[in-house]
Amino acid sequence: MKKIYAIVLSAALVLLGTQAKAQLSVGAGYLNSTETTTTNANNSSNAGLNGIYVGGQYNLPIVAGLNIAPGLYLDMLFGGSKSEAAGTVFGIPVSANGSVKYTELALNIPVNLNYTFHVGSDFNVFLYAGPVLQYGLLSKSSANAGASAGAISIGGNKPAEANNYDADYGSRNPFVVYLGGGAGIQAGALQVILGYDHSLTNISKNTNVNLGRSQIKIGVGYSF
């Protein structure tokens with residue numbers, strides 16, 4: 001019985017020690033995304049998005065410099081493009097001389113493994129990689145001048161808006177899986193991070209269209 005108590009006590013002390021080293025960090029930064037749309041006819045087009053992200057993560061040590069860091073972030077992206085010929089912009093069919101403005105709001109849950117190199121007493125360099133689960137909260141397209149947005153077609157200069165997550169007419173999947181990775185430095189409590197994400201699943205609901213996204217992120221953080 002005394003041995004069992006000793007084992008339980010030792011495990012509790014190890015757990016407490018691990019939690020004491022766990023680190024909460026919050027951060028924000030800039031996003032630059034490129035969406036690539038490819039059809040079965042091998043037609044391909046690109047569209048750019050810019051935005052910001054904000055959120056936090058909880059860094060849990062595993063062994064030595066290896067850690068796991070689940071997080072929760074909110075992404076906001078904006079973009080606009082004009083088509084000189086009929087094609088697809090942001091995964092949306094667009095007629096000649098049509099323009100589309102796009103707005104997106106999404107929750108991201110990264111689960112990263114990271115490894116920290118201790119360069120000095122108060123200076124670290126770290127590398128990270130892992131999957132990112134994204135759930136879209138808002139995906140809105142505004143079309144003008146003869147463009148079409150999802151199931152909505154318009155003419156002249158009358159604008160139309162489409163909810164791309166609409167169950168019946170939407171063009172996008174709200175749930176997307178990414179693979180991400182990057183590097184950063186930490187001086188004291190301050191962090192600077194450079195990362196890259198690439199989609200692993202099709203963002204488009206249309207099986208004849210493959211809509212993928214790659215994005216670069218640059219941000220700063222503060223650890224507690």
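As the structure is a prediction and not an experimental result, all values here were calculated from the model.
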Answer whether the closest heavy-atom distance between the side chains of [X] and [Y] falls below 4.5 Å.
X    : Y    : answer
L105 : D75  : no
S139 : Y102 : yes
T34  : R213 : no
L194 : I216 : yes
Y128 : I193 : yes
N50  : L77  : no
N124 : I185 : no
Q215 : H198 : no

Between V111 and I68, is a side-chain contact (heavy atoms from CB on, under 4.5 Å) present by the stated rule, with each step listed? CA-CA 7 Å; V111 183; I68 186 169; 4.1 Å; yes
Kindly give the heavy-atom pair with the smallest separation between [X] and [Y], and that separation in Å.
X    : Y    : result
V209 : N202 : O-ND2, 2.8 Å
A187 : F123 : CB-CD1, 4.0 Å
T38  : S44  : OG1-OG, 3.8 Å
G136 : A106 : CA-CB, 4.0 Å
L179 : G130 : CD1-O, 3.7 Å

Sequence neighbours excluded, the answer for side chain to side chain contact (heavy atoms under 4.5 Å, CB included) partners of L107 is L72, L74, L137
Kindly write out the residues that satisfy ring pair (Phe, Tyr, Trp, His ring centres under 6.0 Å) with [X], not counting sequence neighbours, or none if the list is empty.
X    : result
Y165 : none
F117 : Y115
F126 : none
F175 : none

Transitive ILVMFWY side-chain link [X] to [Y], under 4.5 Å:
X    : Y    : answer
Y73  : I218 : no
L24  : L113 : yes
V220 : Y30  : no

Find the distance between [atom1] ([X]) and [atom2] ([Y]) and round it off to the nearest 0.5 Å.
X    : Y    : atom1 : atom2 : result
I52  : M76  : CD1   : CE    : 3.5 Å
E35  : L49  : CD    : CG    : 5.0 Å
L138 : N163 : CG    : CG    : 7.5 Å
S25  : Y222 : OG    : OH    : 11.5 Å
T207 : N40  : OG1   : CG    : 7.5 Å
L60  : N67  : CG    : CG    : 8.0 Å

How about [X] and [Y]: does a side-chain donor come under 3.5 Å of a side-chain acceptor?
X    : Y    : result
N114 : N59  : yes
S171 : N164 : yes
Y178 : Q134 : yes
N46  : T36  : yes

Open item on the list: One pair to check against side-chain contact (heavy atoms from CB on, under 4.5 Å): E104 and R172. What are the steps and the verdict?
Closed with: CA-CA 11 Å; E104 180 180 291; R172 291 178 176 241; 3.9 Å; yes
Report yes or no: does T201 contribute a side-chain atom to a donor-acceptor pair with the main-chain N or O of V177 at less than 3.5 Å? yes
Heavy-atom neighbours of [X] [atom1] exceed 12 at 6.0 Å:
X    : atom1 : result
Y135 : OH    : no
Y196 : OH    : yes
K205 : NZ    : yes

side-chain hydrogen bond (donor to acceptor under 3.5 Å, both in side chains) test vs S223 passes for just one of Q191, Q57, Q186, namely Q186
side-chain hydrogen bond (donor to acceptor under 3.5 Å, both in side chains) filter on N112, not counting sequence neighbours, yields none
Under the side-chain contact (heavy atoms from CB on, under 4.5 Å) rule, what do L31 and K217 come out as? Steps first, then yes or no, please.
CA-CA 5 Å; L31 293 171; K217 59 179 67 174; 3.6 Å; yes
